[in-house]
Enquirer: 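Right, I'll just put the structure down here and ask away after.
Bear in mind the structure is a predicted one, so any value in this text is a computation, not a measurement. So you know, we letter chains A, B, ... as the sequences are listed, proteins then strands, and number each from 1.
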Amino acid sequence: MQNVLQILNISISKALSALYEIQNIELSFQKTKPDFEGDITLVTFNLTKLTKVSPDATATAIGEYLKTHETLIEKYNVVKGFLNISFKNEFWLNYFCSVKDNLNIGFKTTNSSGKTIMLEYSSPNTNKPLHLGHVRNNLLGYSVAKILSANGHKVVKANLVNDRGIHICKSMLAWKLNGNGETPQSSGIKGDHLVGKYYVEFDKLYKSEIIKLVNEGKTKEEAEKLAPIILEAQQMLLKWEKGDAEVIELWKTMNGWVYDGFKQTYANLGVEFDKMYYESNTYLLGKEIVADGLNKKVFYKKENGSVAIDLSNEGLDEKIVLRSDGTSVYITQDIGTAIERFKEFPELNQLIYTVGNEQDYHFKVLFKILDKLGYAWAKECYHLSYGMVELPEGKMKSREGTVVDADDLLTEMYNTAAKTTAELGKVDDFSEGELNELYKTISLGALKYFILKVDPKKKMLFNPAESIDFNGNTGPFIQYTHARIKSVIRKVENFKEFDKSKIEINLIEKEIIKTIYDFESVVTEAGNLYNPAIISNYVYELTKLYNRFYHEHNIIREENETVKNYRLALSKTCATVIANAMNLLGINVPERM
RNA sequence: GGUCCCAUAGCUCAACUGGAUAGAGCAACGGUUUUCUAAACCGUAGGUCGCAGGUUCGAGUCCUGCUGGGACUACCA
């Protein structure tokens with residue numbers, strides 16, 4: 001199967017050469033707008049300087065040349081300098097027949113690119129449960145990993161767990177003070193939520209101590225530094241770093257609770273990882289690199305003994321990479337882990353960090369430092385930056401209790417899916433297990449699609465009422481279309497080949513075939529841009545087209561056997577593409593719903 | 001103060017990276033089911049693409065300025 005653009009590039013280059021003696025010029029194509037007749041459009045304005053004739057005349061001349069010289073082209077029309085080109089139906093039909101039985105449409109063979117990419121996502125803290133912001137991160141990371149795999153890359157999904165630090169000590173301390181030995185088992189509270197509860201508890205205690213100190217005449221800033229409970233948390237962190245047995249024991253216990261909780265949430269979200277990293281193992285990395293960088297004069301020592309790099313020539317500021325007491329800061333660790341990963345995976349071509357856009361600056365600095373340290377792969381580090389998730393009432397603030405909890409959200413979506421499905425009553429014969437599966441599929445489909453259809457770079461508004469809507473541009477609408485196609489196909493026992501020489505493609509069928517044709521390049525584009533929203537928009541377009549086709553034309557009711565079998569094949573192929581596209585978003589599609 | 005990001009229909013988002021008359025969904029109104037799943041389909045209405053300049057054959061898209069919103073700017077993570 002020849003590529004449409006390749007064919008046209010070659011033919012039109014020949015035309016330009018023959019007609020105007022023009023060589024090597026970049027051609028500008030676009031899909032023909034629906035209001036005009038044609039499959040693909042050549043924009044001729046940029047050619048007129050060389051052709052020396054008007055856009056319309058240029059377009060007409062090229063069109064005429066194509067019609068007589070390129071056998072695959074049926075006809076053309078010219079509108080205001082746009083050359084709309086139509087390929088023969090035979091061409092589209094041949095294309096369709098070449099893919100109709102391929103269950104992997106749009107997917108390149110695994111590892112065919114020879115490229116290995118590590119994609120880090122999720123990266124939670126172990127002091128509180130996952131919330132809506134993490135959900136976007138997880139869904140985005142997982143989907144991009146799928147998309148990159150579909151582009152033939154080998155992808156290592158990595159998760160760097162922030163399992164240490166002052167914030168973890170806060171939960172630990174509050175539990176020690178007020179926990180009375182409470183455990184997930186004794187309380188029936190999911191582990192990550194239990195630990196989160198004590199993180200909030202710490203904040204309460206801390207605040208009341210601050211108020212007390214302020215009442216005693218201290219300034220707010222002083223009080224924040226002097227509150228006994230914060231001092232104790234800092235002591236606890238020091239003990240942790242020294243390996244104090246009791247502190248380590250408590251740390252392991254409470255982190256264990258959190259991991260049990262996360263495991264459930266990850267399973268419910270349907271995300272997974274190939275490689276787990278823990279900051280308790282990596283937080284010391286990078287110090288030797290700093291020493292090395294000092295020798296290379298990439299870094300310099302300041303008067304107070306801290307080590308820094310000056311990035312003011314790059315439009316950035318001075319950045320401390322080691323404190324004056326010799327301890328590392330966050331970026332020290334990031335430098336170390338990046339280098340470590342390229343050592344661990346020598347075949348690694350690219351390292352992608354899925355992290356919110358509030359850290360744009362951090363990653364600019366990080367990549368610049370790696371570059372200055374002389375690592376050639378620094379250019380292959382990429383920050384997959386995404387916008388914040390906001391609620392109709394504004395930003396999520398844990399202190400004000402406006403955070404949308406991931407587990408609560410999933411439960412709520414599940415219940416809505418169950419309610420709606422029961423009301424429609426189409427699967428009343430399902431067993432309890434089948435219903436449970438279906439509700440999970442639909443609720444997750446709704447949530448994932450709702451989040452992934454927005455360009456990752458942009459901040460998004462999460463309106464709970466809209467997220468559980470199952471009509472219109474939603475995951476369940478697309479899932480429904482898939483189920484509907486499958487329902488039609490189930491009704492036919494003898495699925496027969498059709499004689500393509502007897503098929504006349506109608507307009508909507510041609511639109512569908514052209515859209516199926518686009519899938520491959522859409523997957524490529526989504527991969528190049530790390531953008532699942534491109535897949536979402538695409539699959540929605542295809543689904544809308546199919547539904548229109550379904551309403552306008554008979555499939556199994558069609559009397560002409562050849563046409564019937566052709567339409568069945570077209571339907572089946574749509575179902576495959578819908579399923580494949582949704583798969584790239586991490587969304588399953590049901591056989592019935 | 002400095003750096004960066006965002007602004008498109010009442011609301012939520014698109015616009016193939018500079019191309020034709022800026023498109024969908026939701027919400028509103030009207031229509032479609034004895035016929036393959038109505039979680040669907042069709043129609044009506046809704047726009048000074050934040051504002052003002054500039055670049056060019058052509059700008060929602062690029063450049064400048066302004067307004068409004070946000071993020072970052074730690075020897076925090």
Enquirer: Could you pick out which residue, A:Leu529 or A:Arg490, lies toward the 5' side of RNA chain B when each is mapped onto its nearest nucleotide?
Expert: A:Leu529

Enquirer: Measuring only the P atom in each nucleotide, how far is B:C49 from B:A9? A whole number of Å is fine.
Expert: 10 Å

Enquirer: Closest approach to the side chain of A:Lys544, judged atom by atom: which nucleotide of B:C26, B:A20, B:A24 is it?
Expert: B:A24

Enquirer: Paired with B:G43 by Watson-Crick or G-U wobble geometry, both distances under 3.5 Å: which nucleotide is it?
Expert: B:C29

Enquirer: Between A:Asn588 and A:Thr441, is there a donor-acceptor pair closer than 3.5 Å when you use the side chain of the first and the backbone of the second?
Expert: no

Enquirer: With RNA chain B as reference, determine whether A:Asp35 or A:Ser324 sits nearer its 5' end, using the nearest nucleotide of each.
Expert: A:Asp35

Enquirer: So which nucleotide from B:G19, B:U37, B:C13 ends up closest to the side chain of A:Tyr550?
Expert: B:U37

Enquirer: Can you check whether A:Phe45 stacks with the B:G19 base, using ring centres under 5.5 Å and planes within 30°?
Expert: yes

Enquirer: Please confirm whether the shortest side-chain N or O distance from A:Lys458 to OP1 or OP2 of B:A7 is below 4.0 Å.
Expert: yes

Enquirer: Do we see a donor-acceptor contact under 3.5 Å between the side chains of A:Ser571 and A:Tyr546?
Expert: yes

Enquirer: For B:A40, does OP1 or OP2 lie under 4.0 Å from any side-chain N or O of A:Arg548?
Expert: no

Enquirer: Name the nucleic acid region contacted by A:Val329, choosing base, sugar-phosphate or nothing; use a 4.0 angstrom heavy-atom cut-off, strictly under.
Expert: sugar-phosphate

